[in-house]
Enquirer: 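Dumping the structure here so I can ask a few things about it.
These numbers come from the heavy atoms of this one structure, side chains and all, not from hydrogens, waters or symmetry mates. These numbers come from a predicted model, not from an experiment. Just so we're on the same page: letters track the sequence lines, and every chain starts at 1.
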There are 2 protein chains.
Amino acid sequence: MNNMAQAKSTYQFEDLLEKHQLKKTGARLRVLSMMYAKNTATSQPDLESVLNDIDRVTLYRILNVFEEKGIIHKVFDLNGTANYAVCSSGCQEHHHHDEHLHFNCTNCKGVFCLNEIKFPTINLPAGFHADGFTVYASGLCAKCSKMQ
Amino acid sequence: MNNMAQAKSTYQFEDLLEKHQLKKTGARLRVLSMMYAKNTATSQPDLESVLNDIDRVTLYRILNVFEEKGIIHKVFDLNGTANYAVCSSGCQEHHHHDEHLHFNCTNCKGVFCLNEIKFPTINLPAGFHADGFTVYASGLCAKCSKMQ
DNA sequence: TTGTAAATGCAATACTGTTGCATTTGTATT
DNA sequence: AATACAAATGCAACAGTATTGCATTTACAA
Ligand SMILES: [Mn+2]
Ligand SMILES: [Mn+2]
Ligand SMILES: [Zn+2]
Ligand SMILES: [Zn+2]
């Protein structure tokens, strides 16, 4: 849950890129270090404003290839804004396992991937067949709860 | 679940507008009849292409005021596209009760509001306090399941 | 019938995301 | 170290989504 849990050095990011047969470029390393430094998902607008010297198109292409490779996953928050988060584990190229709960804090706007929460099986009306579930919760995160 | 369940006449749409102190205009009645005629949510692109003689800005303003009044609710599908659906009941101005399951059919792209499905309480990590949940399922709807 | 607030249409603008193409760069090979 | 090439980047153009301001029209109450 804390930042250090995912903290990685540049060398490890380089290894990650190499593992996925992606060239080690400055832009990609910066995107990785920005996303790995946080315990929440990062919104597209945030990525764009912080990494504002990287061309927008390049940023989109980096995000797309990282998603394809199973390095990050995309999650829309409750306002429909795209957010990107580091995949926990078990995600491979074109084959994600990110069916965890997403918590949207209404105060700090943080989007948390709560991998540890198992949500129960949900039954559906006759005839409906689900191959995946996405669960969102909105409210106050731990930090914001304390401050109220 | 079938269309007739929500079928309404123009008079009833006029009553609905009057109840919410909205003027009875052609554009508003057409938006209502389009949305009430279906048992799925309607995407913004669909609304725009079908009601293409209504100015886009007017359409957005109609959707926004209907949402404020609790007549419809907005739901993003799994691609982040805005969809609008008739509120079931209990929705009032600035106070919605639309915490039902949303089913996204990967075949027909339909977004179904499954009011009848009660999803179980989901517990959260210490400190997190949810005031609402949104659950999405993706897969095949009843109609598309049959056809496969 | 008239007056007026509400609703609409239109122009302009901002944001999100994609495509095509020329240029640059990372890296494997020599 | 130099070369060679695919991959990555930057830039321009474009499409789609959504909002704001303002002039005009319309619904409806008086
Ligand atoms: Mn996640
Ligand atoms: Mn719904
Ligand atoms: Zn928070
Ligand atoms: Zn279907």
Enquirer: What is the distance, rounded to the nearest whole Å, between atom CD of B:Q44 and atom C1' of C:dC15?
Expert: 14 Å
Enquirer: In whole Å, I'd like the distance from the CG atom of A:N83 to the C1' atom of C:dT16.
Expert: 14 Å
Enquirer: Would you mind telling me which of C:dT27, D:dT19, C:dG17 lies closest to the side-chain atoms of A:Y60?
Expert: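 Nucleotide nearest to A:Y60's side chain: C:dG17.
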Enquirer: Start with the C-alpha distance between B:D53 and B:R30, add both sets of side-chain angles, then the distance that settles salt bridge (Lys or Arg N to Asp or Glu O under 4.0 Å), and finish with yes or no.
Expert: CA-CA 11 Å; B:D53 56 322; B:R30 288 172 62 201; 2.9 Å; yes
Enquirer: Just N and O in the side chain of B:T25: are any of them under 4.0 Å from OP1 or OP2 of D:dA27?
Expert: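 No, no such contact exists.
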Enquirer: Parallel, tilted or perpendicular: which fits the ring planes of A:F103 and A:F112, with parallel below 30° and perpendicular above 60°?
Expert: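 Rings of A:F103 and A:F112: perpendicular, over 60°.
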Enquirer: Determine whether B:F66 and B:Y84 satisfy the following criterion, side-chain contact (heavy atoms from CB on, under 4.5 Å), listing intermediate values before the conclusion.
Expert: CA-CA 10 Å; B:F66 283 2; B:Y84 296 89; over 6 Å; no
Enquirer: Between B:I62 and A:K74, just flag the one whose closest nucleotide in DNA chain C comes earlier from the 5' side.
Expert: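 Taking each residue's closest nucleotide, the earlier one in sequence belongs to B:I62.
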Enquirer: Which of the following nucleotides, C:dT18, D:dA8, C:dT27, is nearest to the side chain of A:L22?
Expert: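 When the side chain of A:L22 is considered, D:dA8 is the closest of C:dT18, D:dA8, C:dT27.
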Enquirer: Check the distance between D:dT25's P and B:D55's CG and give it to me in whole angstrom.
Expert: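 Going from B:D55 (CG) to D:dT25 (P), I get 15 Å.
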Enquirer: Starting at CG of A:N52 and ending at C1' of D:dG10, how long is that distance when rounded to a whole Å?
Expert: 15 Å
Enquirer: Is there a donor-acceptor pair under 3.5 Å between the side chain of A:N104 and the backbone N or O of A:D77?
Expert: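 Absent.
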Enquirer: OP1 or OP2 of D:dG10 less than 4.0 angstrom from a side-chain nitrogen or oxygen of A:T58, does that happen here?
Expert: yes
Enquirer: Please pick, from C:dT8, C:dT27, D:dA18, the nucleotide with the shortest atom-to-atom distance to any side-chain atom of A:K23.
Expert: C:dT27
Enquirer: Determine: side-chain N/O of B:N64 to OP1/OP2 of D:dT19, distance under 4.0 Å, yes or no.
Expert: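 Checking D:dT19 against B:N64, a side-chain N or O does come within under 4.0 Å of OP1 or OP2.
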Enquirer: Quick check on DNA chain D: between A:Q21 and A:R56, whose nearest nucleotide comes earlier from the 5' end?
Expert: A:Q21
Enquirer: Atom CG of A:L59 to atom P of D:dT9: distance rounded to whole Å?
Expert: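 Rounded to whole Å, this separation is 10 Å.
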Enquirer: Rounded to whole Å, please give me the gap between CG in B:D53 and C1' in C:dG9.
Expert: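 These atoms are roughly 12 Å apart.
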Enquirer: Among C:dT18, C:dC21, D:dT19, which is the nearest nucleotide to the side chain of A:V57?
Expert: C:dT18
Enquirer: Among C:dT8, D:dA18, C:dG20, which nucleotide sits nearest the side chain of A:R61?
Expert: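 Of C:dT8, D:dA18, C:dG20, C:dG20 is nearest to the side chain of A:R61.
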Enquirer: Taking the minimum atom-to-atom distance to the side chain of A:R28, which one of C:dG20, D:dA8, D:dA18 wins?
Expert: D:dA8
Enquirer: Between C:dT24 atom P and A:I54 atom CD1, what is the distance in whole Å?
Expert: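 From A:I54 CD1 to C:dT24 P: 19 Å.
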Enquirer: Name the closest nucleotide to the A:A27 side chain, picking from D:dA6, D:dT9, C:dA5.
Expert: D:dT9
Enquirer: Checking A:S43 against A:N83: is there a side-chain donor and acceptor pair closer than 3.5 Å?
Expert: no
Enquirer: For A:L51 and C:dT16, give me the distance from atom CG to atom P, rounded to whole Å.
Expert: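 One finds 14 Å between P of C:dT16 and CG of A:L51, rounded.
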